[in-house]
Structure formats: structure tokens, C-alpha cells
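Contents: one structure, followed by commentary.
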Amino acid sequence: MTSATPRVPIVGGNWKMNTTRAEAHALLRDLRARFDGLRGVEVVICPPAAWLGDAADLLGGSSLAVAAQNVYWEPKGAFTGEVSAPMLVGTAAAVLIGHSERRHVFGETDEDTNRKLRAVLDAGLRPVLAIGELREEAEGGRTEAVLRRQLTGAFEGFDALPPDLVVAYEPVWAIGTGLAATADDAQERCAMVRAILAERFDRTSADACRIQYGGSVNAGNAAGYAACPDVDGVLVGGASLDGASFEAICRAFVA
Ligand code: PGA
């Protein structure tokens with residue numbers, strides 16, 4: 001570890017567009033029972049927007065935080081179907097921005113991530129900024145250029161790296177495919193992200209920034225990522241819908 005202050009690992013569970021209300025309640029209760037009082041790892045649950053209020057109620061007073069999977073950058077107005085950052089205050093502590101499905105299914109641009117980042121910070125919430133390259137970009141040797149472009153775009157106009165911000169490095173080819181990056185590759189890419197942040201801002205804030213790996217993380221491979229010096233946690237999709245698997249992943253990060 002290069003930073004003076006150790007980085008507390010952070011693990012996110014991104015449920016995506018899954019769970020009925022009854023399933024969400026059951027999973028939230030199960031997670032609360034499993035995790036309450038767990039020390040040494042920060043755990044953030046990202047349920048669908050429809051259950052954010054329920055999650056805040058059912059996890060209230062526990063050590064589990066709630067995050068939104070998406071946000072719109074305008075604070076209010078005629079934007080049917082959207083949810084603004086000020087609306088999340090009091091319910092979510094953090095917001096995922098730029099997830100690969102937002103970028104590649106819904107066409108979000110780097111400029112959009114920049115607007116969302118500003119809105120989330122203005123509302124006093126923690127951004128979790130997701131970046132990552134497509135398979136063809138990785139195969140074409142363009143990973144570093146893509147990560148640099150995504151980070152530069154997201155931070156356009158920023159003078160400093162927001163202290164609470166978390167970066168999630170998620171290679172698109174590893175998401176939901178079962179083809180997880182090796183621990184060595186995850187380490188190399190997370191270190192690459194840190195180097196880009198140090199170049200764009202400064203070494204101290206880059207060393208303090210937590211960087212997660214995401215993409216087909218499961219109970220079997222989590223310990224490999226936990227052993228990597230530049231991987232400060234994971235962002236979990238599919239395996240976060242199973243309480244036992246998600247617990248095993250989170251416990252792998254407890255030193
Ligand atoms: P996965 O999803 O764990 O199902 O691959 C990861 C993510 O999308 O964050």
C-alpha cells in the first residue's frame with residue numbers, strides 16, 4: 001500500500017433491475033442480519049430505485065449503506081421518469097455513475113458522467129464512478145487510452161479529486177459473463193487507474209482514493225482481489241443477490 005492512511009475496503013452490491021418488492025425485503029433483512037456490526041469493510045447496497053426507500057428503512061441504523069444505481073443531473077423539473085440527486089438525499093448515501101450498462105445500453109457519454117458527478121457532489125452524496133473498456137478495446141491494446149478518456153471526461157473542469165469518490169474499474173467483457181479478470185490483471189488495471197488519477201490531480205489524493213474491481217466477482221475469486229495492493233474492494237452484480245455469496249465476498253476483504 002502506497003498511501004499513508006490505509007484505505008478501508010469498500011464492497012458494493014449492485015442488484016441491477018432485479019427483485020420483486022417481497023424479494024428485496026427478504027434480501028435486505030437477510031443482509032442486515034449477516035452484516036450488522038461487521039468491521040473492517042464498508043458495505044454498500046445498490047437496490048433498484050423503486051426499493052431505495054424500503055432499503056433505507058430496513059437497513060437504517062445498521063452498518064450497511066444504501067446507494068442509488070443511477071441519477072439525473074438536473075435538480076428538478078419536467079424530466080419524466082428521472083430521479084435527481086437532491087431527491088436521493090436522506091435515502092441514499094452514494095450513487096453509481098457511469099456503469100457500463102448505463103454507457104452501453106442507454107448510450108451515456110463521458111459528458112453525461114461529468115454532469116452526474118457534479119450533481120451528486122452538489123447534493124453532498126458520494127459518487128462511485130464506474131469505468132472500463134470493451135472487449136475489442138482490450139484486444140486492441142487500447143485499455144489505458146479508454147480509461148484515461150473516461151476519467152478525463154468525468155473530471156472535466158475539476159480542480160481536485162473529490163475526497164469521498166470511489167472509482168470502480170469494471171472491464172465490460174467481465175461483467176455478467178463469468179469471465180472475471182485475473183487478480184493480477186485487476187491489480188495492474190487498478191494501479192493504472194491510480195496512476196492516471198495521480199497525473200490528472202496529485203499523488204496524495206490518488207493514493208487516498210479507493211478503487212474497486214468489478215466483473216464476475218464471486219465467493220471463490222474474491223480473496224484473490226482482496227490480496228491486491230491497489231484493489232480496494234469490489235463491485236458485485238449477480239453474486240450480490242445471494243446473501244451467503246455476498247457475505248463471503250465482503251468477508252474476504254476484512255483484514
Ligand atoms: P457481475 O456485475 O458481478 O454480475 O459481473 C458487475 C457489475 O455490473 O457491477
Side-chain angles (χ1 to χ4, degrees), residues 9-19 23-24 27 31 41-49 51-52 55 64-71 92-108 112-113 116-117 120 126-135 137-138 143 146-147 150-151 154 165-183 185-186 189-190 193 210-226 228 231-253:
I10 180 164
V11 176
N14 174 11
W15 296 5
K16 309 192 181 186
M17 199 176 73
N18 292 297
T19 64
E23 288 166 350
L27 185 51
L31 293 172
V41 60
E42 235 178 282
V43 182
V44 183
I45 310 296
C46 316
W51 320 138
L52 278 172
L64 295 158
V66 176
Q69 297 175 15
N70 185 31
V71 71
V95 185
L96 256 177
I97 295 172
H99 186 275
S100 104
E101 285 139 28
R102 298 302 318 168
R103 293 177 191 265
H104 301 296
V105 180
F106 298 99
E108 280 187 14
D112 295 340
T113 63
K116 291 183 176 199
L117 197 48
V120 165
R126 163 181 293 164
V128 179
L129 173 65
I131 57 172
E133 81 285 2
L134 296 164
R135 170 173 298 287
E137 292 167 337
T143 298
V146 170
L147 299 182
Q150 291 175 333
L151 289 168
L165 178 135
V166 173
V167 176
Y169 165 64
E170 301 199 290
V172 181
W173 48 267
I175 297 178
T177 58
L179 302 170
T182 63
D185 283 348
R189 302 299 156 81
C190 288
V193 170
R210 290 181 294 177
I211 303 173
Q212 298 172 312
Y213 164 75
S216 297
V217 175
N218 58 42
N221 61 21
Y225 303 121
C228 299
V231 180
D232 306 312
V234 282
L235 184 54
V236 186
S240 72
L241 292 165
D242 177 74
S245 298
F246 190 60
E247 180 184 2
I249 293 166
C250 293
R251 288 193 185 275
F253 280 87

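Along the sequence shown, residues are numbered consecutively beginning with 1. Note that ligands are numbered from 1 as they come in the structure, with each ligand's atoms numbered from 1 the same way.
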Would the distance check show the side chain of Ser245 and the main-chain N or O of Ala219 forming a donor-acceptor pair, the cut-off being under 3.5 Å?
no
Taking only non-hydrogen atoms of Ser216, do any sit less than 4.0 angstrom from ligand 1?
yes
For ligand 1, which atoms, with element, lie under 4.0 Å from some heavy atom of Ala174?
5 (O)
Between Trp15 (side chain only) and Ala24 (backbone N and O only), is there a donor and an acceptor less than 3.5 Å apart?
no
Based purely on interatomic distance, does Gly176 place a nitrogen or oxygen under 3.5 Å from a nitrogen or oxygen of ligand 1?
yes
Who gets closest to atom 1 (P) of ligand 1 by heavy atom: Ser240, Gly237, Ser100?
Gly237
Donor-acceptor pair, side chain of Gln69 and main chain of Pro47, under 3.5 angstrom:
yes
By side chain to side chain contact (heavy atoms under 4.5 Å, CB included) - contacts of Asp112 (at least two apart)
Trp73, Glu108, Thr109, Arg115
Hey, is Glu42 close enough to Arg126 for a salt bridge, meaning N to O under 4.0 Å?
yes
Element-labelled atoms of ligand 1 that are located less than 4.0 Å from some non-hydrogen atom of His99
7 (C), 8 (O), 9 (O)
Short N/O distance, under 3.5 Å, between Thr177 and ligand 1?
no
Do the side chains of Val167 and Arg210 get nearer than 4.5 Å, heavy atoms only?
no
Return the closest protein heavy atom for atom 9 (O) of ligand 1 as residue, atom name and distance.
Glu170 OE2, 2.6 Å
At a non-hydrogen distance cut-off of under 4.0 Å, which region of Ala130 contacts ligand 1 (side chain, backbone, both, or neither)?
neither
Measuring from atom 4 (O) of ligand 1, which candidate in Gly215, Gly238, Pro171 has the nearest non-hydrogen atom?
Gly238
Pairing residues for Tyr213 by the ring pair (Phe, Tyr, Trp, His ring centres under 6.0 Å) criterion, not counting sequence neighbours:
Tyr225
